[in-house]
Amino acid sequence: MSEIKWYAVQSYSGHENKVQRLIQRRIDEEPGEAPEEKEIQEVMVPTQEVVEIKNGKRVTVTRRLYPGYVLVKMVLNERTMHIINNIQGVIKFVGAGRQPQPLRDEEVNKLLGVETGEQEEQEDEVPFHTGQVVEVTSGPFTDFSGTVQQVFPDKGKVKVEVSLFGRPTSVELDFSQLKGY
């Protein structure tokens with residue numbers, strides 16, 4: 001059997017999970033072969049857990065790392081390309097020319113690592129960074145734009161410099177009061 005590699009498949013944005021389910025169903029229906037003997041072995045949509053501030057509350061959400069893409073572990077041949085290309089929601093394989101290019105091992109390891117064990121580090125992800133231009137969405141400075149001077153992740157606040165009557169003024173605002181650009 002040929003070499004099994006990971007390939008990226010472009011799908012319609014928002015249809016990644018549907019494409020994943022359809023490919024998985026196809027894998028499951030493959031007659032009588034052990035999973036490691038199948039030409040199409042695995043499919044995944046790379047995701048990551050991220051903490052966001054919504055309505056002033058910290059909420060953990062699952063975000064797709066690459067919207068519009070699904071990864072498939074398979075043997076590349078005419079038959080498997082035909083099967084994947086005919087899945088509803090699939091646009092095309094990613095790669096130069098007519099032949100899809102497999103993902104490099106380090107790319108795959110990074111993606112699998114993100115999915116399996118690095119969530120601790122990302123849970124403290126802060127939505128704003130120093131120097132970022134932000135817009136105030138609520139409070140007395142609504143519709144003002146400013147630049148983030150300092151971030152206080154433990155408090156969920158940032159110090160933003162806004163222009164008030166032509167003078168730079170620093171104000172401390174909650175993450176939920178801001179929208180980044």
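Keep in mind the model is a prediction, meaning the values are calculated, not measured. Quick note: residue numbers are just sequence positions, from 1.
- More than 12 heavy-atom neighbours from other residues, nucleotides or ligands sit within 6.0 angstrom of CD on Glu106.
- To the nearest 0.5 angstrom, Gln20 atom CD is 9.5 Å from Leu71 atom CG.
- No path of Ile, Leu, Val, Met, Phe, Trp and Tyr side chains, each step under 4.5 Å between heavy atoms, connects Ile40 with Ile91, placing them in separate hydrophobic clusters.
- Gln48 places no side-chain N or O within 3.5 Å of a backbone atom of Pro46 that could act as its donor or acceptor partner.
- Under the 4.5 Å side-chain heavy-atom criterion for Ile, Leu, Val, Met, Phe, Trp and Tyr, Phe128 and Phe152 are members of distinct hydrophobic clusters.
- Residues satisfying the side-chain contact (heavy atoms from CB on, under 4.5 Å) criterion with Thr137, sequence neighbours excluded, are Lys179.
- The two atoms that bring Ser170 and Gln149 nearest to each other are OG-OE1, 2.7 Å, heavy atoms only.
- Minimum heavy-atom separation, Thr130 to Val151: N-CG2, 4.1 Å.
- Note that OG1 of Thr60 and CD of Glu49 are 6.5 Å apart. Values are rounded to the nearest 0.5 Å.
- A heavy-atom distance below 4.5 Å is found between the side chains of Met44 and Trp6.
- In summary, the side chains of Gln132 and Thr147 do not present any donor paired with an acceptor at a separation below 3.5 Å, with no hydrogens or angles considered.
- Between the side chains of Thr80 and Glu39, no donor N or O sits under 3.5 Å from an acceptor N or O.
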Q) Checking side chain to side chain contact (heavy atoms under 4.5 Å, CB included) for the pair Val45/Arg64: CA distance, chi angles, key distance, verdict? A) CA-CA 7 Å; Val45 176; Arg64 287 187 293 274; 3.8 Å; yes
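- When side chains are defined from C-beta on, Arg25 counts as touching Glu29, because their heavy atoms get closer than 4.5 Å.
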Q) How far apart are the C-alpha atoms of Met74 and Gln41, what are their side-chain angles, what is the distance that settles it, and do they pass the side chain to side chain contact (heavy atoms under 4.5 Å, CB included) test? A) CA-CA 6 Å; Met74 60 182 243; Gln41 292 189 351; over 6 Å; no
Q | side chain to side chain contact (heavy atoms under 4.5 Å, CB included) between Phe93 and Asn85, worked out | A | CA-CA 8 Å; Phe93 277 92; Asn85 279 324; 3.7 Å; yes
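- Taking the six-membered ring wherever Trp is involved, the centroid distance between the rings of Phe141 and Phe144 falls below 6.0 Å.
- In this structure, NE2 in His129 is found 15.5 Å from CD in Gln150, a value given to the nearest 0.5 Å.
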Q: Start with the C-alpha gap between Leu178 and Glu135, add the side-chain angles, then the distance that decides, and say whether side chain to side chain contact (heavy atoms under 4.5 Å, CB included) holds.
A: CA-CA 6 Å; Leu178 299 170; Glu135 182 182 331; over 6 Å; no
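- The two residues Ser138 and Ser176 make their nearest non-hydrogen contact at OG-O, 4.4 Å.
- The two residues Ile27 and Glu42 make their nearest non-hydrogen contact at CD1-N, 3.8 Å.
- Closest approach of Thr62 to Thr47, counting heavy atoms only: CG2-CB, 3.5 Å.
- Ile83 approaches Arg26 most closely through the heavy-atom pair CG2-CG, 3.7 Å.
- A continuous path of Ile, Leu, Val, Met, Phe, Trp and Tyr side chains, each step under 4.5 Å between heavy atoms, connects Leu164 with Val171, placing both in one hydrophobic cluster.
- Considering CZ of Arg104 and CG of Asn109, their distance stands at 12.0 Å, rounded to 0.5 Å.
- A heavy-atom distance below 4.5 Å is found between the side chains of Tyr7 and Leu76.
- Both Leu103 and Leu65 belong to a single network of hydrophobic side chains, linked directly or stepwise wherever heavy atoms of I, L, V, M, F, W or Y lie under 4.5 Å apart.
- Taking CD1 from Ile84 and OG from Ser11, the interatomic distance works out to 12.0 Å, rounded to the nearest 0.5 Å.
- With rounding to the nearest 0.5 Å, the separation of CD in Gln10 from CD in Glu16 is 10.5 Å.
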